[in-house]
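The structure appears right after this line, and notes come after that.
Keep in mind that this is a model prediction, so the values were computed, not measured. Below, each value reflects all heavy atoms present in this structure, side chains not excepted, and no hydrogens, waters or symmetry copies. To find a chain, count down the sequence lines: A is the first, B the second, and so on, and within it residues start at 1.
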Protein chains: 2
Amino acid sequence: MATIEEVARAAGVSTATVSRALRQQPGVSERTRQRVRTVAEEMNYSISRSASGLATGRTRRVGVLVPFVSRWFFGQVLAGAEEVLRSAGYDLMLYVVGDEEGRERFFRELPLRRSVDAVLVLTLSLSTEESDRLRELDVPLGFVGGRMDGFNSVWIDDHGGGMLAVRHLLNQGHTDIAMIHGGAPDALNLPAPHERCTAFRDAMAEHEIPVRESWLGTGDFSVSGGRRAMNRILADELRPTAVFAMSDEMAFGAMHALRNHKIHVPGEIAIVGFDGHEMSECSGLSTVVQPVRQEGGTAAKLLLEQLEQGSTETRDVVLPTELVVRSSTTGDDSM
Amino acid sequence: MATIEEVARAAGVSTATVSRALRQQPGVSERTRQRVRTVAEEMNYSISRSASGLATGRTRRVGVLVPFVSRWFFGQVLAGAEEVLRSAGYDLMLYVVGDEEGRERFFRELPLRRSVDAVLVLTLSLSTEESDRLRELDVPLGFVGGRMDGFNSVWIDDHGGGMLAVRHLLNQGHTDIAMIHGGAPDALNLPAPHERCTAFRDAMAEHEIPVRESWLGTGDFSVSGGRRAMNRILADELRPTAVFAMSDEMAFGAMHALRNHKIHVPGEIAIVGFDGHEMSECSGLSTVVQPVRQEGGTAAKLLLEQLEQGSTETRDVVLPTELVVRSSTTGDDSM
DNA sequence: ATGAAAGCGCTAACAG
DNA sequence: CTGTTAGCGCTTTCAT
């Protein structure tokens with residue numbers, strides 16, 4: 001593999017000139033630049049990022065932290081971020097820290113130390129120690145899924161989105177509304193889901209409708225969890241007429257449970273989800289759509305801007321949500 | 001950020017000793033090793049991978065190529081690979097090359113050249129030029145989704161799996177069987193899907209049942225594509241009594257189409273998918289399960305083995321599939 | 001506009 | 001067992 005020195009020799013110039021020419025830096029005549037480029041191309045030269053990184057201190061890589069890659073939501077956010085980073089010429093180092101062990105190890109060893117120019121944290125709730133540890137890295141930081149001091153933050157109005165969903169049910173005349181939430185707030189949980197819960201209670205309070213505790217279920221943000229939660233709710237002596245699921249995947253699970261019980265949606269029970277999962281459309285699920293890919297992309301952009309400007313100033317962006325009404329709450333299409 | 005030299009000075013030894021001590025190399029007394037470790041820890045030292053990489057030529061990083069991250073299947077395979085790589089102490093550089101533009105750019109610039117120790121290609125069908133380009137990298141190569149010369153390859157018996165599915169339908173007495181395939185073979189398509197098609201024809205031939213061309217639909221491997229394909233098939237003058245979808249996601253789409261048409265599954269039309277998608281269980285979809293995460297994990301392992309041994313010998317592994325029968329073909333659970 | 005030379009932080013002989 | 005030293009391939013003054 002050709003080195004810069006070989007290219008320099010072949011082109012009859014110094015390594016400094018090659019370096020300048022290839023990086024579009026000023027101070028090289030157009031003729032020389034062309035020649036260097038041609039020679040480099042012919043020799044199939046490619047820069048050693050290690051050497052370049054060592055010399056400059058910049059790596060042109062950004063580290064991306066995600067709890068999972070195997071769930072729809074995270075895959076989408078990651079895809080959005082990846083696209084932006086890639087087209088800016090940055091490489092992406094992926095760290096999946098969903099399990100406690102991997103997470104602990106990651107923050108202990110911090111394998112990305114000195115090997116990324118910036119870090120992007122995707123919908124992963126960090127403890128104070130963890131976020132401090134990242135701040136110590138002294139590189140631009142980005143965060144998706146909430147507000148975070150010292151991080152360029154991108155999030156959606158979860159409370160507003162939740163209100164949208166619940167008010168929609170209320171407007172349909174429902175008063176007996178169940179809720180399927182993600183689960184007990186733990187290290188993985190973000191403010192976001194919690195906001196959606198609060199929205200539920202607030203919207204209910206707005207209409208002075210009491211919340212029935214046995215209609216609140218934990219769905220673990222998974223399809224099967226949603227199904228279990230729905231079954232548990234159905235086991236109550238009273239049956240709700242509507243359900244607000246805090247993620248579409250849980251809503252899908254709930255819908256399956258209802259189908260098993262031969263309960264008609266929306267006739268007997270209406271259901272609304274949250275996310276805008278690709279399958280919500282053909283499932284006929286009403287849902288609060290959030291711009292998932294854009295959340296990742298925007299965070300990446302903020303990071304890049306900070307990187308270019310070398311500033312320490314972080315920015316916050318709130319992205320919009322939108323209620324999409326389908327047959328699971330109105331029944332007026334043919335589903 | 002502390003350098004090795006500062007650590008050396010603080011510990012009262014040479015940089016060489018620090019280097020040896022920290023990398024568990026022989027030739028350092030236990031006392032010294034301990035002291036160095038303590039000092040390094042106190043100073044919050046962490047190695048510069050750039051410097052280390054430059055000196056050794058090894059990066060402890062592996063590049064992973066995927067067409068998408070935002071689809072279930074790819075997310076799973078990636079997750080499997082990531083886990084293995086991480087626990088072996090390798091960092092993962094992610095390259096998403098699903099779109100033609102990004103792909104073209106990737107293979108032209110080969111950003112991972114000189115910055116990874118190995119490359120893993122996940123279910124991405126490579127042209128001859130593309131795979132040659134990777135071979136030129138002269139690092140261990142891995143491939144998931146088919147056999148590939150010069151690559152450690154991991155795949156499943158797609159033909160056998162397809163036979164499993166179709167024979168299952170035939171054994172239920174079906175003769176009027178439709179098929180929803182991924183689409184025209186293009187750059188993204190792998191041998192795998194094609195094998196499943198062949199299996200369909202072979203199984204039908206086995207029973208001397210002619211294939212009705214208007215019952216073959218293109219579903220683009222997506223949920224909505226599966227729905228469209230099913231609708232097109234239903235537009236035929238004759239209606240099949242069973243459908244073989246080459247992915248679960250397309251099967252989901254097809255099931256939704258059937259529901260819209262008020263066609264009972266499996267009573268009027270039975271359906272079997274392929275993959276073992278997490279949602280197949282609660283959808284009651286019969287499917288050919290493949291060990292998705294394991295495919296990624298196994299490929300990563302093969303790669304690591306080759307890396308450790310420094311050998312040039314690649315290995316092939318075929319992973320098993322299994323037919324899981326649910327209500328979409330038998331109707332004997334309560335779905 | 002171009003080149004010479006001094007690092008960047010680490011590892012790997014080679015000595016001792 | 002430990003230290004000295006010469007790079008690894010690039011970038012960046014500082015000269016010319």
Any donor-acceptor pair under 3.5 Å from [X] side chain to [Y] backbone:
X      : Y      : answer
A:S87  : A:V84  : yes
B:D117 : B:R58  : no
B:R61  : B:S115 : yes

* Asked: Who pairs with B:R105 by salt bridge (charged side-chain N to carboxylate O under 4.0 Å, His left out), at least two apart in sequence or on another chain?
  -> B:E109

* Structure fact -> Residue set satisfying salt bridge (charged side-chain N to carboxylate O under 4.0 Å, His left out) with B:R86, at least two apart, ordered chain then number -> A:D99, B:E82

* **Interatomic distance where CZ belongs to A:R23 and C1' belongs to D:dC10 [whole Å]** =>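 Whole-Å distance recorded here is 8 Å.
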
* Asked: How close or far is atom C1' of D:dC10 from atom CZ of A:R58, stated in whole angstroms?
  -> 15 Å

* To do: Go through DNA chain C in 5' to 3' direction and return only the first and the last nucleotide with some atom under 4.0 Å of chain B's heavy atoms.
  =>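 First-to-last contact on DNA chain C, by the 4.0 Å heavy-atom rule, is C:dG9 to C:dA13.
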
* Tell me the side chain to side chain donor-acceptor pair (under 3.5 Å) pairs involving residues 307-317 of chain A, sequence neighbours left out? ->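 Pairs touching residues 307-317 of chain A that pass the test: A:R147-A:D316, A:E305-A:R315.
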
* **Qualifying side chain to side chain donor-acceptor pair (under 3.5 Å) pairs with a residue from residues 69-78 of chain B, counting only residues at least two apart or across chains** =>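 Found none.
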
* Residues forming a ring pair (Phe, Tyr, Trp, His ring centres under 6.0 Å) with A:F106, sequence neighbours excluded -> A:Y95

* Strand-adjacent residues in residues 11-22 of chain B, judged by heavy atoms under 4.0 Å from DNA chain D ->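 Contacts with DNA chain D under 4.0 Å: B:G12, B:V13, B:S14, B:A16, B:T17, B:R20.
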
* State whether B:E130 and B:R103 are salt-bridged, where the test is any N-O pair (Lys NZ or Arg NE/NH1/NH2 against Asp/Glu carboxylate O) under 4.0 Å. =>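 Between B:R103 and B:E130 there is a salt bridge, with a charged N closer than 4.0 Å to a carboxylate O.
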
* Is any side-chain N of the basic residue among A:E136 and A:R113 closer than 4.0 Å to the acidic one's carboxylate O? ->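 Judged by the 4.0 Å cut-off on N to carboxylate O distance, A:E136 and A:R113 do not form a salt bridge.
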
* Which ring-ring contact (aromatic ring centres under 6.0 Å, His included) pairs, counting each pair once, include a residue from residues 7-35 of chain B, with sequence neighbours left out? -> none

* Structure fact -> Residues passing the side chain to side chain donor-acceptor pair (under 3.5 Å) test with A:R9, sequence neighbours excluded, are none

* Mind checking side chain to side chain donor-acceptor pair (under 3.5 Å) for A:T17 and listing every partner two or more places apart, or none if nothing turns up? => A:S14

* Angle, rounded to 10°, between the helical axes spanning five pairs at each terminus of the helix from C:dA1-D:dT16 to C:dG16-D:dC1? ->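 Overall, the helix from C:dA1-D:dT16 to C:dG16-D:dC1 bends by 30° from one end axis to the other.
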
* In residues 29-56 of chain A, which residues come under 4.0 Å of DNA chain C by heavy atom? -> A:S29, A:T32, A:L54, A:A55

